[in-house]
S.K.: 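Would you mind keeping the following structure in view while I ask a few things?
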Protein chains: 2
Amino acid sequence: MNQKIKIILVEPTGEINIGSVARLCSNFGLEEIRLVSPRCNALSDMAKQMAVKGTPLLEKARYFDSLIEAVSDCRRVVATCARIDHGEIPLSGPSECLPWLLEGVESGPVAIVFGREDRGLTNDELLIAQKVLKLDLHSRYVSLNLSHAVAIALYELQNFQFENSFLAQPPSKKGLATLSQLGGCLDDAENLLIDVGFLMKHTAKSRMSKVRAFMNRSEVSQNEVSLLRGMIRQIRWALNSTRS
Amino acid sequence: MNQKIKIILVEPTGEINIGSVARLCSNFGLEEIRLVSPRCNALSDMAKQMAVKGTPLLEKARYFDSLIEAVSDCRRVVATCARIDHGEIPLSGPSECLPWLLEGVESGPVAIVFGREDRGLTNDELLIAQKVLKLDLHSRYVSLNLSHAVAIALYELQNFQFENSFLAQPPSKKGLATLSQLGGCLDDAENLLIDVGFLMKHTAKSRMSKVRAFMNRSEVSQNEVSLLRGMIRQIRWALNSTRS
């Protein structure tokens, strides 16, 4: 099961952190780290020294240019957030989003995403995930070091995993839309809405992010995405045929 | 309450670890680190760099020559152990020993003790504590880095501390669309889709029920319903203006 859980670090700057995360992945039986545009050498001596037996995970880490590419094959994505300026993006606790993430493993890879050491993930990046995890710290200094946030998240994930293995199987999540299917549908909708003058090109992205947010919340199936794309296609056809 | 919980490191050798533990103590609102014969400089640049806002805790850390001296004022002591050669010394999980430790705060200081990076605490040192905590890792590589073990232990401790006083609040349901607002939006969409020929009148209801299903799952807000109705209105306007 654990080989389907991917740990994604977005633009990490610390070799100590990357190495520590590799060791943690090894501690918790995870097998794949994905790095989005790392700002340091993930194979430096320092990184390997911190990774210890996690070094092989560093050596076979996969590299991506953007978060959207890194999660393109993932059925469920949880982003992490410690910032307070996340706007209207709803946050979840571990007990809400981690069991949900684990259920997704039945239908394909899933991911937990961690942001930059200094400023985390952008709101646009948070919107790529269906759920945003916030670890509760009841103190005034809530900024955990990156690798310690990973440690706590993986420990929680492991606990839910072993709790849930004795529970009844959740309903099958087969047929859940992939993020790239959902993205294609949203792109179609955006183009249509620009075309009818509802969106302007320079504000389209931010307004569509609201649509993306609730589509993500509802765990849209592949059939539902097909239905939506069919609607959009037909509206476009109707527009074109009346124009010509 | 937290100022009575002392973190004790026995013969730590890593400046990165000592600094990280100071940051974690600050993250979890703890105020005192006790160092038993540290094998490195707890005030080195590296230690301070890792400690960030935990640096004051490093500066006022208390030093001891032996564990027995370090715990002499403590009413309850939990030692940590990841070794398997602990002989007949019984081990406890977090749910057994951490609430017990917290109860002790009422009568005086309490301590959690972490051992050396390479070989932990000796059996003699484990026997100084009343309970020995073992963090369960369900993998073959169970050796956590020192500071990550501290992170998980403090996170667990915090959760037990706040379990009763701070149960997770359900997300606010304010601003959720009413069923009639949602129904009005779906009626608008249905009419548009009939108009463009995507739906036929006699099958419209059953096909729209699929849309209704996922709108319901995502708990659409009033703002989101307004956004959707705006889109539909604009598409209809574009259709009419090209037709006329």
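Numbers restart at 1 for each chain; the letters A, B, ... are given by sequence-line order, proteins then strands.
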S.K.: In terms of heavy-atom pairs under 4.5 Å, which option from A:L144, A:V150, A:L193 contacts chain B the most?
M.R.: A:L144

S.K.: To the closest 0.5 Å, what do you measure between CD (B:Q158) and CG (A:L135)?
M.R.: 9.5 Å

S.K.: If you look at every heavy atom in B:L227 and A:R207, which pair is closest and at what distance?
M.R.: CD1-NH2, 3.5 Å

S.K.: So which atom in A:D136 and which in B:Y155 form the shortest heavy-atom distance, rounded to 0.1 Å?
M.R.: O-CE1, 4.2 Å

S.K.: What is the distance from atom CD1 of B:I235 to atom CG of A:L192, rounded to the nearest 0.5 Å?
M.R.: 4.5 Å

S.K.: Relative to chain B, which segment of A:S92 carries a heavy atom at a distance below 4.5 Å: side chain, backbone, both, or neither?
M.R.: neither

S.K.: As an exercise, state the distance from CD1 of A:I152 to CG of B:N27, rounded to the nearest 0.5 Å.
M.R.: 8.0 Å

S.K.: Tell me, yes or no, whether the heavy-atom count around A:E88 atom CD, taken from other residues, nucleotides or ligands under 6.0 Å, exceeds 12.
M.R.: no

S.K.: For chain A, which candidate among B:G14, B:G54, B:G230 shows the most heavy-atom pairs at distances under 4.5 Å?
M.R.: B:G230

S.K.: Check each atom of A:R233 against the heavy atoms of chain B and say whether the ones under 4.5 Å are side chain, backbone, both or neither.
M.R.: neither

S.K.: For A:L154, which atoms come within 4.5 Å of any heavy atom of chain B: side chain, backbone, both, or neither?
M.R.: neither

S.K.: Go through B:S26, B:A189, B:A149 and name the one with the most non-hydrogen pairs under 4.5 angstrom from chain A.
M.R.: B:S26

S.K.: Using non-hydrogen atoms and a 4.5 Å limit, figure out which bit of B:I16 sits close to chain A: side chain, backbone, both or neither.
M.R.: side chain

S.K.: Measure the CG-CG distance between A:L137 and B:L24 for me, rounded to the nearest 0.5 Å.
M.R.: 9.0 Å

S.K.: Side chain, backbone, both or neither: which part of A:L199 has a heavy atom under 4.5 Å from chain B?
M.R.: neither

S.K.: Which pair of heavy atoms, one from A:H148 and one from B:A151, lies closest together, and at what distance?
M.R.: CD2-CB, 3.8 Å

S.K.: Just do the side-chain contact (heavy atoms from CB on, under 4.5 Å) check on B:V211 and A:M231 with the steps written out, would you?
M.R.: CA-CA 11 Å; B:V211 180; A:M231 289 176 184; 3.4 Å; yes

S.K.: Can you confirm whether more than 12 heavy atoms, excluding those of A:D118, are under 6.0 Å from its CG atom?
M.R.: yes

S.K.: Donor-acceptor pair, B:R23 side chain versus A:S143 backbone, under 3.5 Å?
M.R.: yes

S.K.: Between atom CD of B:E224 and atom NZ of A:K210, what is the distance when rounded to the nearest 0.5 Å?
M.R.: 9.0 Å

